[in-house]
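Here the structure comes first, spelled out in structure tokens, and everything after it is commentary.
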Amino acid sequence: MAKNELLNQLISMNLPNGSYSIDCDKNESLCFMHDGFLWVVFYSERGQKTEPEYFSNEEDACDAFFLRLKKMLNIK
């Protein structure tokens, strides 16, 4: 899925927006950002990128972010 589809999906599921961040590093949340030539998904904790995953394309990063967020929030 593309980033705009991801955003629509998150809104339609009414997920707590404090648990994630799109396009910026927000403390104590799962983050999705474009970092130079790569897309990165990570949990931001105390200013550190925890368990970062890097992707060469937006679609793979969006899919990974969505799956990781669902797991983090215990959504099936």
Side-chain angles (χ1 to χ4, degrees):
M1 86 179 66
K3 186 168 75 171
N4 62 337
E5 294 171 306
L6 172 64
L7 288 169
N8 290 335
Q9 184 71 22
L10 296 174
I11 291 167
S12 72
M13 293 178 70
N14 199 29
L15 298 178
N17 61 2
S19 61
Y20 65 88
S21 178
I22 307 292
D23 291 331
C24 66
D25 186 344
K26 181 176 157 188
N27 197 35
E28 304 299 322
S29 63
L30 186 64
C31 302
F32 171 80
M33 299 174 57
H34 192 246
D35 185 18
F37 296 104
L38 298 173
W39 294 90
V40 60
V41 174
F42 61 93
Y43 188 79
S44 181
E45 185 172 23
R46 296 183 182 133
Q48 300 295 316
K49 291 180 181 176
T50 304
E51 299 178 10
E53 295 177 90
Y54 294 91
F55 301 89
S56 59
N57 67 66
E58 179 180 319
E59 291 78 18
D60 288 345
C62 286
D63 291 340
F65 176 85
F66 187 63
L67 290 173
R68 194 163 161 181
L69 184 62
K70 284 179 24 177
K71 183 177 179 182
M72 186 177 93
L73 297 175
N74 200 26
I75 297 171
K76 302 219 182 229

Donor-acceptor pairs are to be reported for all side-chain atoms of residues 8-17 against protein atoms at under 3.5 Å, with residues two or more places apart or in another chain.
residue : atom : partner : partner atom : Å
Asn8    : ND2  : Asn4    : O            : 3.3
Ser12   : OG   : Asn8    : O            : 3.4
Ser12   : OG   : Gln9    : O            : 2.9

Q) How many angstroms lie between OH in Tyr20 and CG in Leu73, if you round to the nearest 0.5 Å? A) 10.0 Å
Q. Looking only at heavy atoms, which two atoms of Arg68 and Leu30 are closest? And how far apart?
A. NE-CD1, 3.6 Å
Q.
Considering only residues two or more places apart or on different chains, which pairs with a residue in residues 57-76 satisfy ring pair (Phe, Tyr, Trp, His ring centres under 6.0 Å)?
A. Phe32-Phe65
Q. Cluster question for you: counting only ILVMFWY and a side-chain heavy-atom cut-off of under 4.5 Å, with indirect links fine, are Leu69 and Phe55 together?
A. yes
Q) Any chance NZ of Lys71 has more than 12 other-residue heavy atoms, nucleotides or ligands included, within less than 6.0 Å? A) no
(Q) So Glu5 and Cys62, do their side chains get closer than 4.5 Å, heavy atoms only? (A) no
**Q.** Atom pair CE (Met33) and CG (Leu38), whose distance is rounded to the nearest 0.5 Å
**A.** 12.5 Å
Q.
Counting C-beta onward and ignoring hydrogens, is there a side-chain heavy-atom pair between Tyr54 and Asp35 closer than 4.5 Å?
A. yes
Q. How close do Gly18 and Ser29 get, heavy atom to heavy atom, and via which atoms?
A. O-CB, 3.7 Å
Q: Would you kindly confirm whether Met1 and Val41 end up in one hydrophobic cluster when ILVMFWY residues are joined by side chain heavy atoms under 4.5 Å apart?
A: yes
**Q.** Any His34 side-chain heavy atom under 4.5 Å of Lys3 side chain
**A.** no
Q. Which atoms form the tightest heavy-atom contact between Lys26 and Cys31, and what is the distance?
A. N-SG, 3.5 Å
Report, one line per pair, each donor and acceptor closer than 3.5 Å where one atom sits in a side chain of residues 42-49; sequence neighbours left out.
residue : atom : partner : partner atom : Å
Tyr43   : OH   : Glu28   : O            : 3.3
Ser44   : OG   : Asp25   : OD1          : 2.6

Q) Is there a path from Ile22 to Leu67 through hydrophobic residues (I, L, V, M, F, W, Y) whose side chains come within less than 4.5 Å of each other? A) no
